[in-house]
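Basis for what follows: all heavy atoms, side chains included, without hydrogens, waters or symmetry-related copies. Just so we're clear, the structure is a prediction, and the values are computed from it rather than from any experiment.
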Amino acid sequence: MRKILGNGKKLTFYDFGATIVYASRFDQRFPYCAYVPEDYDEDSDKTYPLLVVVHGTERHMEGYRDAFADFADANGVIILSPLFPASIARPGDINSYKMLRYGELHYDAVMIDMIAEMKERYRIAGDKVMMYGFSGGGQFTQRFLYLHPEQILAASIGGPGTVTLLDFERDFWVGVRNFDDVFGKPLNVEAMRQIPVHMIIGGKDHNTWEITVKPGDRWWMEDANIAGVTRVDRIVSLKESFERNGIDVTFDVVPDVAHNDETMLPLVKRFFARIVEDLRASQG
């Protein structure tokens with residue numbers, strides 16, 4: 001929350017610091033909140049890179065926003081934290097946002113317009129954004145990178161349970177052979193080669209109860225588990241598929257950590273701090 005009482009000129013008191021929760025103008029079923037650094041001044045010309053932080057299945061939107069507040073203040077970055085509620089696609093659904101699309105429901109379009117809203121409200125640096133997601137958010141971030149590399153300045157993918165390999169011998173979602181047919185847009189690997197990518201996993205992230213896909217499951221398809229048994233196996237397979245396609249990956253395995261990114265966030269923040277530093281250097 002803003003330390004100075006009262007509204008700004010165009011912004012309200014509630015648009016500074018940890019903001020209130022807004023409904024997306026594109027689709028009001030999807031809310032978001034933000035964190036705006038304490039030094040944001042409507043009369044200044046200083047610009048702020050935007051970091052989108054995507055929740056996992058637990059949907060702790062405000063928790064993730066707050067976890068990056070120190071990073072935002074220290075690095076002059078604005079945080080956008082969206083919420084993709086459960087049961088939007090169908091009753092009981094908790095996973096469809098991770099695949100970006102469910103029938104006519106395009107979660108990626110919702111995300112893109114949220115970003116556009118932020119650019120209209122605040123002075124956002126550049127045309128591209130940074131994106132981090134852990135677990136289900138890591139899945140969203142990975143596939144958003146595939147579909148919209150033109151939107152991404154840098155991406156950090158944490159602990160995804162189900163990965164889409166850059167495998168041109170298998171269909172989506174296991175691979176990307178029919179990517180154009182699924183999304184109506186070709187996969188631009190060359191654009192992805194220009195984007196800094198970070199992957200992070202806990203060294204003890206070995207539970208399989210939530211990620212093993214079995215016949216009869218909604219996501220079942222041939223080779224559904226080809227990337228490996230555990231999340232560690234799968235992120236290694238993802239990393240190797242990137243590297244086979246000429247995409248460099250900064251890779252962190254954090255010892256003695258299971259499926260919880262709380263103690264891993266300093267490494268995520270360090271990765272993005274370098275991105276911000278490079279961006280500001282390139283802007284002179």
Side-chain angles (χ1 to χ4, degrees), residues 54-59 84 86-108 111 131 133-149 155-187 189 192 197 199-245 247 249 251 253 258-261:
V54 185
H55 62 71
T57 311
E58 85 299 327
R59 289 167 166 80
F84 299 107
S87 295
I88 295 290
R90 56 184 174 79
D93 170 63
I94 61 174
N95 292 315
S96 62
Y97 81 100
K98 303 170 188 177
M99 292 293 182
L100 304 187
R101 302 280 173 89
Y102 188 98
E104 298 300 314
L105 181 53
H106 292 192
Y107 295 97
D108 60 307
M111 184 75 265
M131 184 174 289
F134 179 74
S135 193
Q139 293 189 49
F140 181 96
T141 299
Q142 180 216 338
R143 297 181 183 111
F144 192 89
L145 172 63
Y146 285 6
L147 187 55
H148 299 291
S156 179
I157 301 165
T162 304
V163 298
T164 297
L165 302 177
L166 277 179
D167 182 341
F168 294 87
E169 302 299 320
R170 293 176 172 85
D171 285 343
F172 190 84
W173 58 266
V174 171
V176 293
R177 177 169 55 192
N178 63 337
F179 191 89
D180 194 348
D181 295 334
V182 173
F183 291 103
K185 181 179 180 181
L187 188 70
V189 176
M192 292 176 60
V197 175
M199 297 184 188
I200 189 165
I201 190 75
K204 291 187 176 179
D205 199 344
H206 296 313
N207 286 335
T208 62
W209 65 271
E210 190 177 18
I211 67 172
T212 303
V213 186
K214 300 178 288 295
D217 290 348
R218 180 168 291 272
W219 287 7
W220 169 256
M221 60 184 297
E222 188 177 356
D223 293 333
N225 301 297
I226 197 170
V229 176
T230 70
R231 288 186 176 89
V232 176
D233 299 331
R234 294 180 179 192
I235 202 168
V236 168
S237 295
L238 182 63
K239 168 182 173 287
E240 291 173 348
S241 78
F242 273 47
E243 291 172 339
R244 283 193 298 271
N245 284 278
I247 302 169
V249 176
F251 188 51
V253 178
H259 195 58
N260 185 333
D261 66 341

Asker: Please report the closest heavy-atom contact between Gly92 and Ser87, naming both atoms and the distance.
Answerer: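 So the minimum-distance heavy-atom pair works out to N-OG, 2.9 Å.
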Asker: When rounded to the nearest 0.5 angstrom, what is the spacing between CG in Leu165 and CZ in Phe242?
Answerer: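 So the gap between those two atoms works out to 9.5 Å.
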Asker: Are the side chains of Arg59 and Ile94 in contact, using a 4.5 Å heavy-atom criterion?
Answerer: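 Heavy-atom side-chain distance check passes, below 4.5 Å.
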Asker: Do Leu166 and Ile247 pass the side chain to side chain contact (heavy atoms under 4.5 Å, CB included) test, and can you show the C-alpha distance, the side-chain angles, and the key distance before you say yes or no?
Answerer: CA-CA 10 Å; Leu166 277 179; Ile247 302 169; 3.6 Å; yes
Asker: Please report, to 0.1 Å, the donor-acceptor pairs under 3.5 Å made by any side chain of residues 211-220, with sequence neighbours excluded.
Answerer:
from   : atom 1 : to     : atom 2 : distance (Å)
Thr212 : OG1    : Thr208 : O      : 3.1
Asp217 : OD2    : Lys214 : N      : 2.7
Arg218 : NH1    : Tyr102 : OH     : 3.4

Asker: Are Val54 and Phe144 side-chain neighbours, meaning at least one heavy-atom pair lies under 4.5 Å?
Answerer: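 No, too far: nothing below the 4.5 Å cut-off.
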Asker: How far does CG of Asn95 sit from CZ of Phe140, to the nearest 0.5 angstrom?
Answerer: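 If we round to the nearest 0.5 Å, Asn95:CG and Phe140:CZ are 14.0 Å apart.
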Asker: About how many Å separate NZ of Lys239 and CD1 of Ile157, when rounded to the nearest 0.5 Å?
Answerer: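 Spacing of CD1 (Ile157) from NZ (Lys239) equals 12.5 Å.
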Asker: Assess whether side chain to side chain contact (heavy atoms under 4.5 Å, CB included) is satisfied between Tyr146 and Leu100, documenting all intermediate values.
Answerer: CA-CA 11 Å; Tyr146 285 6; Leu100 304 187; over 6 Å; no
Asker: Taking all heavy atoms of Ala155 and all of Thr141, pick out the closest pair and write down the distance.
Answerer: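 Where Ala155 meets Thr141 most closely, the heavy atoms are CB-CG2, 4.1 Å.
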Asker: Contact between Met221 and Asp171 at the side-chain level, heavy atoms closer than 4.5 Å - yes or no?
Answerer: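 Sidechains of Asp171 and Met221: in contact.
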Asker: Do Asp180 side-chain atoms and Lys185 backbone N/O form a donor-acceptor pair below 3.5 Å?
Answerer: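 Yes, because the side chain of Asp180 sits within donor-acceptor range (under 3.5 Å) of the backbone of Lys185.
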Asker: Does any N or O in the side chain of Thr164 come within less than 3.5 Å of the main-chain N or O of Val174, such that one atom is a donor and the other an acceptor?
Answerer: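 Such a contact is absent between Thr164 side chain and Val174 backbone.
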Asker: Measure centre to centre between the rings of Tyr107 and Phe84, then say whether the value is under 6.0 Å.
Answerer: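 Here the rings of Phe84 and Tyr107 have centres that are less than 6.0 Å from each other.
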Asker: For the residue pair Glu210 and Arg231, establish whether any side-chain heavy-atom pair is separated by less than 4.5 Å.
Answerer: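 Side chain of Glu210 against side chain of Arg231, heavy atoms only: contact under 4.5 Å found.
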Asker: Got a second to check how far Met99's CE is from Trp173's CH2, nearest 0.5 Å?
Answerer: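 Met99 atom CE to Trp173 atom CH2 measures 5.5 Å (nearest 0.5 Å).
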Asker: What is the minimum heavy-atom distance between Arg143 and Lys98, and which atoms define it?
Answerer: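 For Arg143 and Lys98, the tightest heavy-atom pair comes out as NH1-O, 2.9 Å.
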Asker: May I have the step-by-step check of side chain to side chain contact (heavy atoms under 4.5 Å, CB included) for Met192 and Asn245, ending in yes or no?
Answerer: CA-CA 10 Å; Met192 292 176 60; Asn245 284 278; over 6 Å; no
Asker: Would you be so kind as to tabulate the donor-acceptor pairs closer than 3.5 Å made by side chains of residues 199-206, with sequence neighbours excluded?
Answerer:
from   : atom 1 : to     : atom 2 : distance (Å)
Asp205 : OD1    : His259 : ND1    : 3.4
Asp205 : OD2    : His259 : ND1    : 2.8
His206 : NE2    : Gly203 : O      : 3.1

Asker: Sequence neighbours excluded, which residues qualify as side chain to side chain contact (heavy atoms under 4.5 Å, CB included) partners of Val182?
Answerer: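 For Val182, the residues satisfying side chain to side chain contact (heavy atoms under 4.5 Å, CB included) (neighbours in sequence not counted) are Phe172, Asn178.
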Asker: Counting N and O atoms only, with roles assigned by atom type, does the side chain of Arg234 sit under 3.5 Å from a partner on the main chain of Pro160, one being a donor and the other an acceptor?
Answerer: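 Answer holds: no.
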Asker: Mind checking the CD1-CD spacing from Ile226 to Glu169? Nearest 0.5 Å is all I need.
Answerer: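 That separation rounds to 11.0 Å.
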Asker: Let me confirm one number: the CG-CZ distance from Asn260 to Phe134, rounded to the nearest 0.5 Å.
Answerer: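 Output value for this atom pair is 6.5 Å.
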Asker: May I have the step-by-step check of ring pair (Phe, Tyr, Trp, His ring centres under 6.0 Å) for His148 and Phe183, ending in yes or no?
Answerer: CA-CA 11 Å; His148 299 291; Phe183 291 103; 8.5 Å; no
Asker: Val236 vs Phe251, test: side chain to side chain contact (heavy atoms under 4.5 Å, CB included). Steps then yes/no.
Answerer: CA-CA 9 Å; Val236 168; Phe251 188 51; 4.0 Å; yes
